[in-house]
Amino acid sequence: MDSEIFDRAQIIMAQRRNKAQAENERRIQEINKKIPEIAQINEALFNTGKDLIRIISESKGKDVAAQIEQIKQNNLGAQQVAGNLLTFYGYPADYLDIHYMCPQCNDTGYNGNSFCTCMKNLFSKLTAEKMNEKSVLSLSSFETFSLKFYEGDDYFAMEKLLEYAEKYASDFSTKSDNILIYGKAGLGKTHISLAIANVVIQKGFSVIYDSAINILRDIEKEHFSYDKSTEMLDTITSSDLLIMDDLGTEFESKFYISAVYNIVNSRIIKNKPTIINTNMTVEDISKRYGGKVASRIGGMYTVLEFRGSDIRYKKKYSETYEK
């Protein structure tokens, strides 16, 4: 595991615990002022801890189970009275409990001897953020995508495609469709994908956006590392949305072909939406990655064709002409 991510996760968990405990202390002070009877009950409950220590230390081998059980019953009765007082004054009965963000691990990050689910999710989120630092997520939006560089039937096709992409981003959920975006270079595939990513991230979902070659290299590096970790692959297959750009530009290898199949298939099984950008058609994908990959993409993905001619060239020509 990346030590930097692990350290950041530990700090975040500690902050969550401290926040929950500080808020609990604030509520205790509030109630002590408004309902003094509860302060007296809490003081009595605190003192029973001392009683237990005294009983056990003075037992000298005697059976003190009956005394301990009596203290336990007294504590439960006192807690019930405190809860009744809280509800009488309009507070929830558990108002003085510590409300951790994760009740499974009390914000420790551990459930027994294993990482808690909340800690695993945090690892994935932090790993995705680190991966996205390499991308250009902030450079594109729907507002900066212009249709003026498309003509005739291409214009109307791209207008519908843009409307679809905007609605997809706006309505995004973990049940959203998978998308294959294909077309020649320079038609705006990356721009639209980045725009979707930005909206989905703002909605609070975890998004990984990177080129296919970077993703596959990271998986390869991890796979052949000393500890043969699967953390990177787990993060990639578990993020709410994966956007893999420029599929097909990576070096051809059996490992990459297997990794692409693993990513596509795992995310379908987990019902995690994926967007793939490529210059290849489904037929081309079949030739390069095999029928299993092509079958899953062809059958489980919405296929969007980007049409037109290279808008990067048109933009450059337009800017030169305007000068």
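By convention here, the first residue in the shown sequence is residue 1. Model, not experiment: these values are computed from the prediction.
- With sequence neighbours excluded, the residues forming a salt bridge (Lys or Arg N to Asp or Glu O under 4.0 Å) with Lys34 are Glu30, listed by chain and number.
- For Lys254, there are no salt bridge (Lys or Arg N to Asp or Glu O under 4.0 Å) partners, not counting sequence neighbours.
- With 3.5 Å as the limit, one finds a donor-acceptor pair spanning the side chains of Glu25 and Gln29.
- Sorted by first and then second residue, the pairs that involve residues 265-274 and meet salt bridge (charged side-chain N to carboxylate O under 4.0 Å, His left out), not counting sequence neighbours, are Asp240-Lys272.
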Can you give each donor-acceptor pair under 3.5 Å made by side-chain atoms of residues 177-185, sequence neighbours left out, with the distance rounded to 0.1 Å?
from	atom 1	to	atom 2	distance (Å)
Asn178	OD1	Thr274	N	2.9
Asn178	ND2	Met300	O	3.3

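- The side chain to side chain donor-acceptor pair (under 3.5 Å) pairs that include a residue from residues 152-164 are Asp154-Arg307, where partners are two or more places apart or lie in different chains.
- Side-chain contact between Glu220 and Glu250 is absent, with no heavy atoms from C-beta onward closer than 4.5 Å.
- Counting heavy atoms from C-beta on, the side chains of Leu241 and Ile196 come closer than 4.5 Å.
- Without hydrogens or angle criteria, Arg296 side chain to Lys292 main chain gives a donor-acceptor distance under 3.5 Å.
- Ring orientation note: the planes of Phe255 and Phe224 are tilted relative to one another, at an angle of 30° to 60°.
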Go through the steps to decide whether Thr281 and Asp284 satisfy the test side chain to side chain donor-acceptor pair (under 3.5 Å), and finish with yes or no.
CA-CA 5 Å; Thr281 63; Asp284 296 330; 3.1 Å; yes

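- Counting heavy atoms from C-beta outward, Gln15 and Lys19 have side chains that stay 4.5 Å or more apart.
- Side-chain contact between Ile192 and Leu304 is absent, with no heavy atoms from C-beta onward closer than 4.5 Å.
- Between the side chains of Asn198 and Ser141, no donor-acceptor pair of N or O atoms lies under 3.5 Å.
- A distance-only check finds a donor-acceptor pair linking the side chain of Arg288 to the backbone of Gly248 [under 3.5 Å].
- Leu85 approaches Ile35 most closely through the heavy-atom pair O-CD1, 4.3 Å.
- Residue pairs satisfying the salt bridge (charged side-chain N to carboxylate O under 4.0 Å, His left out) criterion with at least one member in residues 93-120, sequence neighbours excluded, are absent.
- Side-chain contact, Asn262 with Ser266: a donor N or O sits under 3.5 Å from an acceptor N or O.
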